[in-house]
Protein chains: 2
Amino acid sequence: MPHHEDVNKKSPVRLLVVDDEPHIADLVATVARYEGWNAVTAGTGEEALRQAAGFSPDIVVLDLMLPDVDGFTVLDGLRASGAMVPVVFLTAKDATADRIAGLTRGGDDYLVKPFSVEELMARLRAVLRRSNGPAWKRSVLEVGDLTMDEDTREVKRAGVPVSLTPTEFELLRYLMRRSPAVLTKAQILDHVWEYDFGGRSNVVELVVSHLRRKIDDGHEPLIHTVRGVGYVVRRATG
Amino acid sequence: MPHHEDVNKKSPVRLLVVDDEPHIADLVATVARYEGWNAVTAGTGEEALRQAAGFSPDIVVLDLMLPDVDGFTVLDGLRASGAMVPVVFLTAKDATADRIAGLTRGGDDYLVKPFSVEELMARLRAVLRRSNGPAWKRSVLEVGDLTMDEDTREVKRAGVPVSLTPTEFELLRYLMRRSPAVLTKAQILDHVWEYDFGGRSNVVELVVSHLRRKIDDGHEPLIHTVRGVGYVVRRATG
DNA sequence: CGGTTCCATGACGACCCTGTCACTGACCCG
DNA sequence: CGGGTCAGTGACAGGGTCGTCATGGAACCG
């Protein structure tokens with residue numbers, strides 16, 4: 001069973017996704033539900049405010065480009081109702097600088113489209129962790145003697161720091177989070193790469209190859225390939 | 001985990017923010033809450049006095065330019081209730097000299113709009129520290145052999161003083177406060193620069209470059225760039 | 001009102017990351 | 001045992017990011 005750090009909480013995280021592209025909103029909601037969260041979607045600013053009132057989300061994903069009203073108007077509406085709900089904004093890649101200025105003040109964060117699903121979930125978890133008071137504890141993933149600190153982006157094998165590129169980090173995080181489950185290459189592509197990535201070559205194998213050299217070299221291998229299926233990170237089964 | 005010097009206190013700091021621009025009031029409240037403080041806002045002088053009575057804040061952020069009553073009237077109201085609550089004033093850039101005269105008597109302080117949020121938080125922390133009796137201890141940030149005294153603005157590397165410009169100091173303070181977390185350039189821009197700064201060029205890289213020359217030159221590097229993510233100040237992990 | 005310091009902007013070069021291709025090797029099945 | 005499929009790795013090129021310099025302007029100070 002995948003690693004769900006939220007299963008022990010009394011109530012699941014409540015997420016509101018606001019995006020006028022149903023494709024995107026559903027994608028995010030689906031992934032969140034798979035993590036055990038409670039997710040609803042809205043396609044317009046008006047709908048978003050209605051949903052927020054009835055659903056009282058713990059966190060919001062808000063596309064700044066909405067058909068009816070400006071995303072900032074929705075934000076004001078959310079904030080006007082008193083609750084200081086944290087927000088992760090979505091912006092187009094070509095968004096002007098003044099539109100994304102100030103988005104990370106407070107505890108909020110933002111992401112440019114197209115994003116990778118794992119990246120978005122990681123940001124949501126980080127924002128949530130921080131919004132739960134100042135004494136938030138770091139999130140450290142651990143498999144065998146391999147550790148990953150998601151906040152400092154520090155990865156160590158047997159205590160020795162390893163430096164990873166962004167893609168390598170993302171892929172390894174996904175494998176570690178789901179460890180000891182086996183993930184197919186399709187899953188990895190869908191979660192780690194941007195959602196509009198069309199490449200169907202051997203990118204995954206390539207990055208895994210690099211990861212092995214950096215992480216498994218000279219140690220007991222933790223990255224295993226399951227032929228015909230995909231990859232998994234775990235200690236040799238005993 | 002970021003440096004939160006308040007987590008061990010019995011009760012969190014109680015902050016009242018008085019500003020007629022909701023954007024500003026919310027901004028300050030959000031950042032304060034992110035630091036673990038308890039923050040409420042007021043948009044008018046009347047509301048401010050009401051809030052102060054019920055909330056009994058430890059410290060107040062007060063815009064001198066209010067729609068209904070003069071900021072000084074609010075101040076008198078606050079002080080009339082006996083408690084000697086410290087205040088950090090906000091003034092417009094074009095405020096006349098006589099209006100800001102005497103504002104820093106007592107333990108108070110003031111800031112001109114637009115300010116940077118880190119600057120405001122630093123002043124609030126400083127005023128709070130001093131208001132807790134005369135024997136306030138200095139706040140010294142420390143990362144490896146790099147130290148920063150926030151009150152004297154003294155920065156030393158391996159005991160040797162380094163002189164920094166205001167922007168350099170502010171950026172370094174932000175990185176040191178959050179060390180060993182990695183901060184994105186967007187976060188740095190949002191926190192260190194004034195809140196209406198629209199700059200989209202390589203200011204951050206430039207200032208970091210200057211900081212490196214002044215701080216890391218000839219030493220073990222403490223400022224690291226995390227490609228594709230941002231910057232971090234920390235000792236090489238071991 | 002001159003000089004100096006500090007800061008923002010643009011340009012440019014260097015480096016790193018990434019995806020594709022090509023080739024080799026490993027594994028599976030007949 | 002041999003062919004075919006799948007995985008691993010090296011090489012390469014395009015694109016993006018980062019660091020630095022040079023320039024001009026604003027603020028500050030004497």
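Computed from a prediction, not measured in an experiment: that's the story for all the values here. Chain naming here is simple, since letters A, B, ... match the order of the sequence lines and numbering starts at 1 in each.
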**Student:** Rounded to whole angstrom units, what separation is found between the CG atom of Asp217(B) and the P atom of dG19(D)?
**Tutor:**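 Checked: the CG to P distance equals 15 Å.
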**Student:** Please round to 10 degrees the angle between the axis of the first five pairs and the axis of the last five pairs in the helix from dC1(C)-dG30(D) to dG30(C)-dC1(D).
**Tutor:** 30°
**Student:** Considering only side-chain heavy atoms of Thr165(A), which listed nucleotide, dC17(C), dC6(C), dG19(D), is closest?
**Tutor:**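 My answer, after comparing the listed nucleotides, is dC17(C).
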**Student:** Looking at Glu150(A) and Arg177(A), is there a salt bridge between them, counting it only when a charged N and a carboxylate O are closer than 4.0 Å?
**Tutor:**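 Salt bridge between Arg177(A) and Glu150(A), a charged N being under 4.0 Å from a carboxylate O: yes.
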**Student:** Are the side chain of Asp149(B) and the backbone of Thr152(B) linked by a donor-acceptor contact shorter than 3.5 Å?
**Tutor:** yes
**Student:** Is the NZ or CZ atom of Arg105(A) both under 6.0 Å from the centre of the six-membered ring of Tyr195(B) and within 45° of that ring's axis?
**Tutor:** no
**Student:** Let's go through Arg235(B) and Asp145(B) carefully: what are the C-alpha distance in whole Å and the side-chain angles of both, what is the deciding distance for salt bridge (Lys or Arg N to Asp or Glu O under 4.0 Å) to 0.1 Å, and is it a yes or a no?
**Tutor:** CA-CA 9 Å; Arg235(B) 270 213 311 224; Asp145(B) 60 351; over 6 Å; no
**Student:** Atom NZ of Lys214(A) to atom P of dC16(C): distance rounded to whole Å?
**Tutor:**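 After rounding, the reported distance stands at 11 Å.
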**Student:** Residues in ring pair (Phe, Tyr, Trp, His ring centres under 6.0 Å) with Tyr231(A), at least two apart?
**Tutor:** none
**Student:** To the nearest Å, give me how far apart CG (Leu171(A)) and C1' (dG8(D)) are.
**Tutor:** 15 Å
**Student:** With a 3.5 Å distance limit and no angle check, can you tell me whether Arg130(A) reaches the backbone of Tyr34(B) through a side-chain donor-acceptor pair?
**Tutor:**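 Absent.
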**Student:** Main chain of Leu103(A), side chain of Asp190(B): is a donor-acceptor contact present, judged purely on distance under 3.5 Å?
**Tutor:** yes
**Student:** Which parts of nucleotides 19-28 of chain C does protein reach within less than 4.0 Å, heavy atoms only, written one letter per nucleotide 5' to 3' as B for base, S for sugar-phosphate only and - for none?
**Tutor:** BBBB---BS-
**Student:** Can a donor-acceptor pair be found, under 3.5 Å and without considering hydrogens, that links the side chain of Arg79(A) to the backbone of Val85(A)?
**Tutor:**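 Indeed, once roles are kept as given, a pair shorter than 3.5 Å links the two residues.
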**Student:** Counting side-chain heavy atoms from C-beta on, which of dC7(C), dT18(C), dC18(D) comes nearest to Pro166(A)?
**Tutor:**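 Given the options dC7(C), dT18(C), dC18(D), the side chain of Pro166(A) is closest to dT18(C).
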**Student:** Let me know the distance between CZ of Arg212(A) and C1' of dG8(D), rounded to the nearest Å.
**Tutor:**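 After rounding, the reported distance stands at 8 Å.
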**Student:** OP1 or OP2 of dC6(D) versus the side-chain N and O atoms of Tyr231(A): is any pair under 4.0 Å?
**Tutor:** no
**Student:** Is the shortest side-chain N/O distance from Lys185(A) to OP1 or OP2 of dA7(D) below 4.0 Å?
**Tutor:**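 Yes.
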**Student:** Rounded to the nearest Å, what distance is computed from the CD atom of residue Glu170(B) to the P atom of nucleotide dA8(C)?
**Tutor:** 12 Å
**Student:** So, is Ser209(A) close to the dT9(D) phosphate, meaning a side-chain N or O under 4.0 Å from OP1 or OP2?
**Tutor:**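 Yes, Ser209(A) has a side-chain N/O under 4.0 Å of OP1/OP2 on dT9(D).
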**Student:** Is Glu118(A) salt-bridged to Arg173(A), cutoff N-O under 4.0 Å?
**Tutor:** no
**Student:** Rounded to whole Å, how long is the line connecting atom NE2 of His224(A) with atom P of dA7(D)?
**Tutor:** 17 Å
**Student:** Rounded to whole angstroms, how far apart are CZ on Arg213(A) and P on dA7(D)?
**Tutor:** 19 Å
**Student:** Measure CD/Glu205(B) against P/dA14(C) and give the value in whole Å, please.
**Tutor:** 18 Å
